[in-house]
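First up is the structure itself, then whatever we jot down about it.
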Amino acid sequence: TRSSRPQRMLAHVKRHAARGDPQSVIDAIDYFCRHKEWAMNVGDEKGTILDSVVCEVSPGAVLELGTYCGYSTMRIARLLAPGARLITLEFNPANAAVARQVIAWAGLEHKVQLVEGSSGDLIPQMREKFGIDSFDLVFLDHWKDWYLPDTRLMEELGLLHKGSVLLADNVICPGAPEYLAYVRSSPRYDSRYFKSHLEYTYVEDGLEKSVFPGASAGSRP
Ligand SMILES: O=C(NCCNC(=O)c1cc(-c2ccc(F)cc2)cc(O)c1O)c1cc(O)ncn1
Ligand SMILES: [Mg+2]
């Protein structure tokens, strides 16, 4: 049967990127998506914003919701300090299979745990399965109408601590209106919008960065 777009992207990476060189894998994917076939990676423009937030937070524990082909997974993992961990959840097994090979080609597999399944099912298993107490940074890039329920779930499970940062992709396109309304109105978050463009296009999109000031905030009378 005809190959999938992620499979063609992986073939492009293997042909044009150097093993063990994350930047060359990132550049190869950006080239493929800009000049051959568009794909829904966070991309180079929003990727620069993602990089700056990762460097600012310098997280010990990161959760990524929505791996897709592993592009943002690599952007985050290449900036992590030794011993820091990135857990990335992907619902689609075919995409997960491609992402594993992309991450391995970049030589970042030892920093990343890719878990297949639904975020709603896996988030409650974080402690027992991965020994994670809380996350310093969460990158939301999966189904847009799951951003809010998964954020509520992480709050209720105590997986966010004072200062935890949520960074959400696509808050304009395709859009996550209920999530935006929540993080911007809740006294529980200090939220800021980073205006950018939908990956590889001139369409407006952006990232919303929301800092969790602590469970007690917003509950005082
Ligand atoms: O498909 C699953 N996740 C991808 C989410 N990501 C997106 O949908 C996404 C879409 C776009 C996009 C923007 C404009 C356009 F015209 C078409 C697509 C851009 C992005 O940057 C994304 O991140 C998925 C499946 C599943 O069964 N369960 C959980 N997640
Ligand atoms: Mg996205």
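In each ligand, atom 1 is the first atom listed, and ligand 1 is the first ligand listed.
- Looking at ligand 1, you won't find any N or O of W38 less than 3.5 Å from one of its N or O atoms.
- Residue contact annotation: N92 has no non-hydrogen atom under 4.0 Å from ligand 1.
- Contact analysis puts K144 in contact with ligand 1, with a non-hydrogen atom separation below 4.0 angstrom.
- In this structure, P174 counts as a contact residue of ligand 1, since one of its heavy atoms falls inside 4.0 Å of the ligand.
- Near the Mg ion (ligand 2), less than 2.8 Å away, sit the protein N, O or S atoms D141 OD1, D169 OD2, N170 OD1.
- In this structure, OH in Y179 is found 6.5 Å from OG in S191, a value given to the nearest 0.5 Å.
- Atom-to-atom distance recorded for D30:CG and E199:CD is 10.0 Å, nearest 0.5 angstrom.
- Note that CE of M9 is 10.0 Å distant from OH of Y71, once rounded to the nearest 0.5 Å.
- Of all the listed residues (F91, W146, W143), W143 holds the heavy atom that lies closest to atom 25 (C) of ligand 1.
- Note on R100 versus E116: salt bridge recorded, some NZ/NE/NH1/NH2 to OD/OE distance being below 4.0 Å.
- Between S196 and the choices K46, E204, E45, the side chain to side chain donor-acceptor pair (under 3.5 Å) rule is met once, by E45.
- The 12-atom threshold is not exceeded at CZ of R19, counting heavy atoms of other residues, nucleotides or ligands nearer than 6.0 Å.
- Rounding to the nearest 0.5 Å places OG of S119 at 8.5 Å from CG of L153.
- Ligand 1 does not have Y71 within reach: every non-hydrogen atom of the residue lies 4.0 Å or more from it.
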